[in-house]
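In what follows, a single structure is set out as structure tokens and then discussed.
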There are 2 protein chains.
Amino acid sequence: MKTKEVKTYSLSEMKDKYIGKDGTTVRDEYEYELSMDVLGKMIKSARQERKLTQEELGRLVGVQKAQISKLESSANSATIDTILKVFKALKADINFNVKLEDNFIKLA
Amino acid sequence: MKTKEVKTYSLSEMKDKYIGKDGTTVRDEYEYELSMDVLGKMIKSARQERKLTQEELGRLVGVQKAQISKLESSANSATIDTILKVFKALKADINFNVKLEDNFIKLA
DNA sequence: ATGAAAGTTTCTAAATATAGAAACTATATT
DNA sequence: AATATAGTTTCTATATTTAGAAACTTTCAT
């Protein structure tokens with residue numbers, strides 16, 4: 001997998017952007033640009049919110065803790081299937097959207 | 001890849017849910033549950049909005065038209081890398097979020 | 001400082017995705 | 001109906017991901 005150095009934000013940094021509103025955080029409504037990097041961090045963050053160790057999450061997913069570690073550190077580019085399996089085990093919903101940019105020019 | 005039969009909506013069906021607001025559609029703000037199925041349909045829909053054939057998109061991504069066809073029909077579970085490559089070629093931003101469900105019970 | 005628990009890395013094997021090429025099918029257009 | 005264009009499927013090869021197991025390292029509590 002080819003990787004590129006990009007400015008990253010820690011999850012907590014990103015989550016700090018949330019606006020507290022009578023108890024419920026809007027945090028989970030915050031949108032992230034899709035990347036394996038952020039996805040891995042989201043898995044870790046969700047696992048921690050569930051108070052699970054990598055081994056426990058592994059058991060829920062049906063894999064070794066080593067797999068969870070690899071996913072969280074985005075050691076490689078996971079398949080959609082794998083991502084879904086993990087979030088399902090965490091009882092988390094993952095939603096997305098696509099937005100076309102304005103600057104597209106179709107060349108002949 | 002294991003698949004499951006689920007009730008699906010066509011992209012246009014889904015997009016019909018948008019609320020028109022002075023010219024600009026809110027359509028692109030609509031959120032979809034992550035699945036290879038929907039992802040494939042989004043690629044197709046975005047490609048069509050760009051007025052590209054599968055062959056042309058293939059050229060932009062750097063693959064044969066057959067690959068684009070496979071992705072759009074979700075013949076398999078793509079990797080995040082592949083998904084990103086395609087949306088990048090389409091000059092489209094893909095964002096996501098994760099929401100923890102309430103009904104999680106950690107068993108001992 | 002020691003020990004236990006949690007997380008990471010490395011090795012190997014197996015499964016799956018990616019890819020091109022070519023044949024095939026479907027869709028339009030005239 | 002014939003042709004061109006667009007999209008799909010099949011075949012084969014290669015690359016990559018997934019996975020377990022075990023060794024290793026880090027972190028944390030005492």
Side-chain angles (χ1 to χ4, degrees), chain A residues 1-4 8 10-12 34-90 94 96 106-108, chain B residues 1-4 8 10-12 34-90 94 96 106-108:
Chain A
M1 183 181 61
K2 275 174 270 180
T3 51
K4 214 198 304 187
T8 57
S10 77
L11 250 298
S12 27
L34 184 66
S35 77
M36 197 49 227
D37 203 65
V38 176
L39 224 28
K41 286 179 173 141
M42 291 299 267
I43 291 171
K44 180 172 191 169
S45 144
R47 172 177 64 81
Q48 288 172 335
E49 287 197 43
R50 291 312 197 188
K51 302 230 186 292
L52 296 169
T53 64
Q54 290 184 339
E55 190 165 22
E56 289 170 322
L57 176 55
R59 200 157 23 235
L60 289 177
V61 176
V63 300
Q64 299 283 112
K65 62 180 180 172
Q67 309 301 326
I68 304 299
S69 172
K70 287 165 195 165
L71 285 171
E72 290 186 357
S73 64
S74 47
N76 49 28
S77 177
T79 60
I80 300 293
D81 264 12
T82 299
I83 298 298
L84 292 176
K85 270 200 302 181
V86 172
F87 282 114
K88 184 171 187 178
L90 286 164
I94 172 163
F96 77 104
K106 183 181 173 180
L107 302 172
Chain B
M1 183 181 62
K2 274 173 271 181
T3 51
K4 215 198 304 186
T8 56
S10 77
L11 251 299
S12 27
L34 184 65
S35 77
M36 197 49 226
D37 204 66
V38 177
L39 226 26
K41 287 179 171 139
M42 291 298 269
I43 291 171
K44 179 172 191 170
S45 143
R47 171 177 65 80
Q48 287 172 335
E49 287 197 44
R50 291 312 198 188
K51 304 233 186 289
L52 296 169
T53 64
Q54 291 185 339
E55 190 165 21
E56 290 170 321
L57 176 54
R59 199 156 26 236
L60 289 177
V61 176
V63 299
Q64 300 284 112
K65 62 180 179 171
Q67 309 302 326
I68 305 298
S69 172
K70 288 166 195 166
L71 284 171
E72 290 186 357
S73 64
S74 47
N76 48 28
S77 178
T79 60
I80 300 293
D81 264 12
T82 299
I83 298 298
L84 293 176
K85 270 199 301 182
V86 172
F87 281 113
K88 184 171 188 180
L90 286 164
I94 173 162
F96 78 104
K106 183 181 172 180
L107 303 172

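None of these values were measured; they are calculated from a predicted model.
Whole-Å rounding puts the A/I80 CD1 to D/dT17 C1' distance at 13 Å. Remark: C1' of D/dT17 and CD1 of B/I83 are 15 Å apart, rounded to the nearest angstrom. Rounding to whole angstrom units, NZ of residue B/K65 and P of C/dA26 are separated by 15 Å. For B/I43 and C/dT18, the CD1 to C1' distance is 14 Å, given to the nearest whole Å.
Among residues two or more places apart in sequence or in another chain, the side chain to side chain contact (heavy atoms under 4.5 Å, CB included) test is passed with B/S73 by B/A75. Under the rule for a side-chain hydrogen bond (donor to acceptor under 3.5 Å, both in side chains), A/S35 has no partner lying at least two apart in sequence or in another chain. Under the salt bridge (charged side-chain N to carboxylate O under 4.0 Å, His left out) criterion, A/R50 pairs with no residue at all, not counting sequence neighbours.
Considering every non-hydrogen atom in both B/R47 and B/L90, the closest pair reads CA-CD2, 3.7 Å. Taking each heavy atom of A/K51 and B/K106 in turn, the nearest pair found is O-NZ, 2.7 Å. Taking both residues in full, the closest heavy atoms of A/I43 and A/F87 are given as CG1-CZ, 3.7 Å, listed atom of the first, atom of the second, then distance.
Of the residues B/Q54, B/K44, B/K41, the one that meets the side chain to side chain donor-acceptor pair (under 3.5 Å) test with B/E72 is B/Q54.
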* To do: Walk me through it: do B/T79 and A/N76 pass the test side chain to side chain contact (heavy atoms under 4.5 Å, CB included)?
  => CA-CA 10 Å; B/T79 60; A/N76 49 28; over 6 Å; no
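Nucleic acid contact for B/K85: sugar-phosphate only, since backbone atoms but no base atoms lie under 4.0 Å from a heavy atom of the residue. Residue A/G58 is out of contact with every strand shown, counting any heavy-atom pair closer than 4.0 Å.
Applying the 4.0 Å criterion to OP1 and OP2 of C/dA6, one finds that A/R47 has every side-chain N and O outside that range. Contact check, B/R59 against C/dG20: no side-chain N or O comes under 4.0 Å of OP1 or OP2.
For the pair A/Q54 and A/T79, nearest-nucleotide mapping onto DNA chain C gives the more 5' position to A/Q54.
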Only pairs under 3.5 Å count here: list side-chain donor-acceptor contacts from residues 59-70 of chain A, not counting sequence neighbours, and write none if there are none.
none

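Defining each end axis of the helix from C/dA1-D/dT30 to C/dT30-D/dA1 as the rotation carrying four pairs' C1' atoms onto the next four, with five pairs an end, the two axes are found to diverge by 60° to 10 degrees.
Within residues 66-73 of chain A, the residues having any heavy atom under 4.0 Å from DNA chain C are, by residue number, A/A66, A/S69, A/K70.
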